[in-house]
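Data first, discussion second: the structure below is written as structure tokens.
Computed from a predicted model, the values in this text were never measured in an experiment.
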Amino acid sequence: MSSIPYSAQIRHVEILERNKNQTTSISVYRDNALVVPTEAKYTLISPNGDKIVDSLAASVGDSGVVSYPHTAVQLPTDKQLGEGYIQEWWIKIDGVAHTFRRMAALVLRRLYPTVSDIDLTSIYTDLEEVRPSSITSYQKYIDDAWYQILRKIRNRGMGFEYLIMSAEAFYECHRHLALYLIFRDFHSSLGQSNGRYLDLSHEHQRQYLQELDSINWLYDEQHENKPADKDRRKAGQPVIYLNGPSHRRYHRYATWKSY
């Protein structure tokens, strides 16, 4: 059995929408290259251990991306919503089989980002001119920032991103983090010990952290595709009281309670 540690690109819990045709995929890397498997199979296991999809053939693209097309019939409306689903990708590389596991969640709606290149250039118009010739947009930074935010939501115990109803709540937070990543990369690429890009990266990192701590949203606590309370927003950052809060004081946002 091969001991080569191949790297599967697993940046976040895979989100599958219930009662919808959709394609799920995975990429495997080694030595800075996308590996092209010779064969692949896909299994989806429910939280109670039942196999919804049992070792069915997965497609291997010319580039090496492995994918499987889910049908709406496989994920009907009576399937349990939420966490605990497991994807197993059986992938044969150079004659040796490897099984990569990825957690998944079955949801009513996934959460989509609201930031694109135009939102970055609206602050810095010269980003169009200074963009490296090797890329046509800043999408890779925007995507990386988005996945960082999604992981942060879960790691901080802020809830499940697919139950958040108000995507616009992440706008400033996402934009600042994307700009931080861009200017940090510019600074590193130019090899400067200090300068404009370093200052800008520090500024946007600071603003990102401030926005992340103050973020609040409308939340669907019961998987009903509607906010639990349309007139009351949830604070993403938990409020910790060292002593009991005063009953006379009005708090604008509810303290967070994990669902």
Side-chain angles (χ1 to χ4, degrees), residues 7-17 24 26-27 29 81-87 100-117 119-120 123 137-188 198 200-221 223 227-228 232-241 251-259:
S7 298
Q9 190 177 50
I10 300 175
R11 296 185 289 186
H12 186 61
V13 171
E14 181 72 347
I15 301 299
L16 300 173
E17 291 187 74
T24 183
I26 196 168
S27 301
Y29 289 85
L81 291 167
E83 304 288 298
Y85 288 82
I86 302 172
Q87 292 183 326
F100 300 92
R101 181 184 293 117
R102 178 170 63 189
M103 300 305 297
L106 188 62
V107 309
L108 292 176
R109 299 286 185 272
R110 68 175 63 240
L111 179 69
Y112 288 97
T114 59
V115 171
S116 59
D117 277 56
D119 300 296
L120 309 182
I123 301 179
S137 80
Y138 290 105
Q139 193 63 55
K140 67 177 183 178
Y141 302 95
I142 294 170
D143 289 347
D144 189 23
W146 181 243
Y147 282 111
Q148 283 193 44
I149 290 171
L150 294 184
R151 290 192 298 270
K152 188 72 70 176
I153 292 171
R154 287 170 174 261
N155 292 341
R156 281 190 172 191
M158 297 162 73
F160 299 123
E161 75 288 345
Y162 51 82
L163 293 178
I164 296 170
M165 305 293 293
S166 44
E168 75 285 348
F170 293 93
Y171 180 81
E172 294 295 350
C173 180
H174 188 189
R175 182 161 67 166
H176 284 305
L177 182 55
L179 288 168
Y180 160 69
L181 295 174
I182 291 168
F183 290 130
R184 185 185 66 176
D185 190 25
F186 282 4
H187 167 69
S188 175
L198 179 62
L200 287 173
S201 69
H202 286 164
E203 174 62 19
H204 285 290
Q205 182 186 39
R206 181 184 64 80
Q207 293 189 61
Y208 154 67
L209 293 173
Q210 288 180 349
E211 291 292 339
L212 185 66
D213 286 341
S214 63
I215 199 169
N216 61 84
W217 50 63
L218 294 173
Y219 197 73
D220 173 17
E221 294 185 351
H223 294 270
R232 189 166 185 155
R233 300 176 73 90
K234 296 285 188 180
Q237 178 66 21
V239 178
I240 299 175
Y241 296 106
H251 298 282
R252 182 182 178 189
Y253 302 121
T255 56
W256 178 251
K257 181 178 180 182
S258 297
Y259 173 76

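For Y162, the ring-ring contact (aromatic ring centres under 6.0 Å, His included) partners are F160, not counting sequence neighbours. Applying the side-chain hydrogen bond (donor to acceptor under 3.5 Å, both in side chains) test to Y171 and every residue at least two apart in sequence or in another chain returns D119, R175. In terms of the salt bridge (Lys or Arg N to Asp or Glu O under 4.0 Å) criterion, R11 has no residue partners (sequence neighbours excluded).
Looking only at side-chain heavy atoms (C-beta outward), R109 and D220 stay at 4.5 Å or farther from each other. The closest side-chain heavy-atom distance from D213 to R156 is below 4.5 Å. For the pair P227 and Y219, the minimum side-chain heavy-atom distance is 4.5 Å or more. Between L163 and E221 the shortest side-chain heavy-atom distance does not fall below 4.5 Å. Looking only at side-chain heavy atoms (C-beta outward), R184 and L181 come within less than 4.5 Å of each other. W146 is not listed as a side-chain neighbour of V115, based on a closest heavy-atom distance of 4.5 Å or more. In this structure, the side chains of F170 and L111 come closer than 4.5 Å at one or more pairs of heavy atoms.
Minimum heavy-atom separation, Y138 to D117: N-OD2, 2.9 Å. Heavy atoms only, all atoms of each residue included: A169 and N216 are closest at CB-O, 3.2 Å. Closest heavy-atom contact between L177 and A145: CD2-O, 3.4 Å. Scanning both residues, R102 and T24, for their nearest heavy atoms gives NH2-OG1, 3.2 Å. Closest approach of H223 and L108 over heavy atoms only: O-CD1, 3.3 Å.
Here I123 contributes atom CD1 and H204 contributes atom NE2; the two are 6.0 Å apart, rounded to the nearest 0.5 Å. A distance of 14.0 Å separates CD in E14 from CD1 in I86, rounded to the nearest 0.5 Å. Distance check: H176 NE2 to L212 CG gives 12.0 Å after rounding to the nearest 0.5 Å. Taken from CG in L16 to OH in Y85, the straight-line distance is 9.0 Å, to the nearest 0.5 Å. Atom OG of S201 sits about 11.0 Å away from atom CG of L179, to the nearest 0.5 Å. To the nearest 0.5 angstrom, E203 atom CD is 10.5 Å from Q205 atom CD.
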Determine, step by step, whether Q207 and E172 satisfy the side-chain contact (heavy atoms from CB on, under 4.5 Å) criterion, reporting the C-alpha distance in whole Å, the side-chain angles of both residues, the deciding distance to 0.1 Å, and the verdict. CA-CA 9 Å; Q207 293 189 61; E172 294 295 350; over 6 Å; no
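Shown here is R101, whose CZ atom has no more than 12 heavy atoms of other residues, nucleotides or ligands within 6.0 Å.
Although no hydrogens or angles enter the test, the distance criterion places a donor-acceptor pair under 3.5 Å between the side chain of H174 and the main chain of I142. In this structure, S166 contributes its side chain and L218 its backbone to a donor-acceptor pair below 3.5 Å.
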